[in-house]
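Step one of this worksheet: look at the structure below.
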Amino acid sequence: MTVPDQRGKVVVITGANSGIGKETAVMLAAAGASVLITSRDAERGKAAIDEIVRRSGSDAIAAVDLDLSSFESIRSAAEKILERCDSIDVLINNAGGILTELTTTVEGFEATLGGNHVGHFLLTDLLLERLRASAPSRVVTLSSIAHRGARGIGEDDFFPQAGYNGTRAYAKSKLANLQFARELARREREAGSGVTSFAVHPGGVRTGFGGDGDTGGIVGLGIKLIRGLSISAESGAAASVHTATAPGIEPKSGAYYQRSVAGNYGPVVEAKPTAAARDDEACRELWVLTEKVVAAAS
């Protein structure tokens, strides 16, 4: 794909040491952006930087350690990002995972919702003033068509429960990503801040998603079986890059984008998520609830 000139732009991408995030970093760096990636593992982050520099031809790349399952790590990463980035033009909330077994974050949240949603909620909040000062700026949050498997999110979903189902937890986290992106857009629009917010489904992508021993059983087998039918990480990144850079979409802040054919092929277009993802009251309620649980855990 042809990426608009990004010279002078500063982009922060979470979970960009591999997969979609790394490919997104390569594309944006090649287009001239200064890119800061985050990685849970410092060595993987360093290796990713070396590859991104080599493939993009740009050395305007940096990395910060970030574990979205730890508030201490999130706050430390945000502090380092703010130290390094005088401006932030685009924040891409890319990191995400799915777990077969019930796991908790450091603060005691169910780990899938905790990492995919709560972690990004806190990070975005900590970077929001810099995004506002850099406006017009953009927040892009990766979601998934898997959000269709969730009808709503309650306070109980934030915490470990009996009868844990990894697929259901993942679906709820992806619905949370959509509701977060929509509510952030509403709040920033009303504030007149110049910060816009979008959600994007990159497609069924052939990456290490669900790896590192995170998934097993039927879920793990299913991921392995569909991986062979999936598009490349580069193709998936094209959806993220489009949503992060496409000119003229600012009036559509709060929208959801995906590829036009089966979520995998064709151009990236605005799509219609489920009614739950478009329920403005539910989006507001999730925001308030997330603020509540974050404050209680802080």
Side-chain angles (χ1 to χ4, degrees), residues 1-68 73-96 120 123-124 126-142 194-198 200 202 207-208 232-247 249-250 268:
M1 67 175 290
T2 301
V3 183
D5 189 345
Q6 297 298 297
R7 281 175 291 185
K9 298 290 183 70
V10 177
V11 182
V12 176
I13 311 171
T14 67
N17 63 280
S18 64
I20 298 170
K22 183 169 67 178
E23 297 302 324
T24 300
V26 170
M27 290 183 190
L28 292 174
S34 296
V35 179
L36 187 150
I37 68 170
T38 77
S39 172
R40 284 190 299 179
D41 182 275
E43 288 303 313
R44 289 185 181 183
K46 183 180 182 304
I49 286 181
D50 292 343
E51 181 180 343
I52 294 165
V53 168
R54 175 177 56 79
R55 292 174 57 197
S56 69
S58 169
D59 61 1
I61 315 294
V64 165
D65 296 346
L66 170 64
D67 180 351
L68 287 164
S73 177
I74 294 167
R75 291 193 170 99
S76 175
E79 184 176 333
K80 291 174 183 175
I81 291 168
L82 293 173
E83 287 174 355
R84 297 187 182 199
C85 302
D86 292 334
S87 63
I88 301 175
D89 297 283
V90 183
L91 168 63
I92 303 179
N93 290 323
N94 166 84
H120 278 129
L123 179 67
T124 303
L126 293 170
L127 301 180
L128 193 52
E129 284 304 317
R130 186 63 47 87
L131 284 157
R132 288 169 176 164
S134 309
S137 55
R138 197 173 290 189
V139 178
V140 175
T141 302
L142 269 67
V195 178
T196 51
S197 169
F198 303 91
V200 60
T207 69
S232 67
E234 183 177 1
S235 295
S240 298
V241 171
H242 172 86
T243 311
T245 65
I249 66 171
E250 291 82 3
V268 180

### Nearest-0.5 Å distance that lies between atom CG in L126 and atom CG in L82
8.0 Å

### Query
What distance separates R138 CZ from T245 OG1, expressed to the nearest 0.5 Å?
7.0 Å

With sequence neighbours left out, write down each residue that passes side chain to side chain contact (heavy atoms under 4.5 Å, CB included) with [X], or none if nothing qualifies.
X: D41; value: S39, E43, R44
X: S18; value: none
X: A60; value: S34, S58
X: S240; value: I20, T24, L142, V200

Suppose we screen for salt bridge (charged side-chain N to carboxylate O under 4.0 Å, His left out). Which residues come up paired with [X], at least two apart in sequence or across chains?
X: D5; value: R7
X: R55; value: E23, E51
X: D50; value: K46

Please give me the minimum heavy-atom distance between [X] and [Y], naming the atom from each residue.
X: V195; Y: A135; answer: N-CB, 4.5 Å
X: F198; Y: I249; answer: CZ-O, 3.4 Å
X: A239; Y: P202; answer: CB-CA, 3.9 Å
X: V12; Y: C85; answer: CG2-SG, 4.5 Å
X: A63; Y: G45; answer: CB-O, 4.4 Å

Who passes side-chain hydrogen bond (donor to acceptor under 3.5 Å, both in side chains) against [X], sequence neighbours left out?
X: R132; result: E129, E188
X: D89; result: none
X: S56; result: none
X: R54; result: none

#### Entry: Candidate list D59, I37, L28, N17, test side chain to side chain contact (heavy atoms under 4.5 Å, CB included), partner I52, passing option
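Between I52 and the candidates, side chain to side chain contact (heavy atoms under 4.5 Å, CB included) is satisfied uniquely by I37.
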
### Query
Under 3.5 Å, is there a donor-acceptor pair linking the side chains of H120 and T14?
yes

### Sequence neighbours excluded, every pair satisfying salt bridge (Lys or Arg N to Asp or Glu O under 4.0 Å) that has a member inside residues 74-83
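Salt bridge (Lys or Arg N to Asp or Glu O under 4.0 Å) check on residues 74-83 returns no pairs.
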
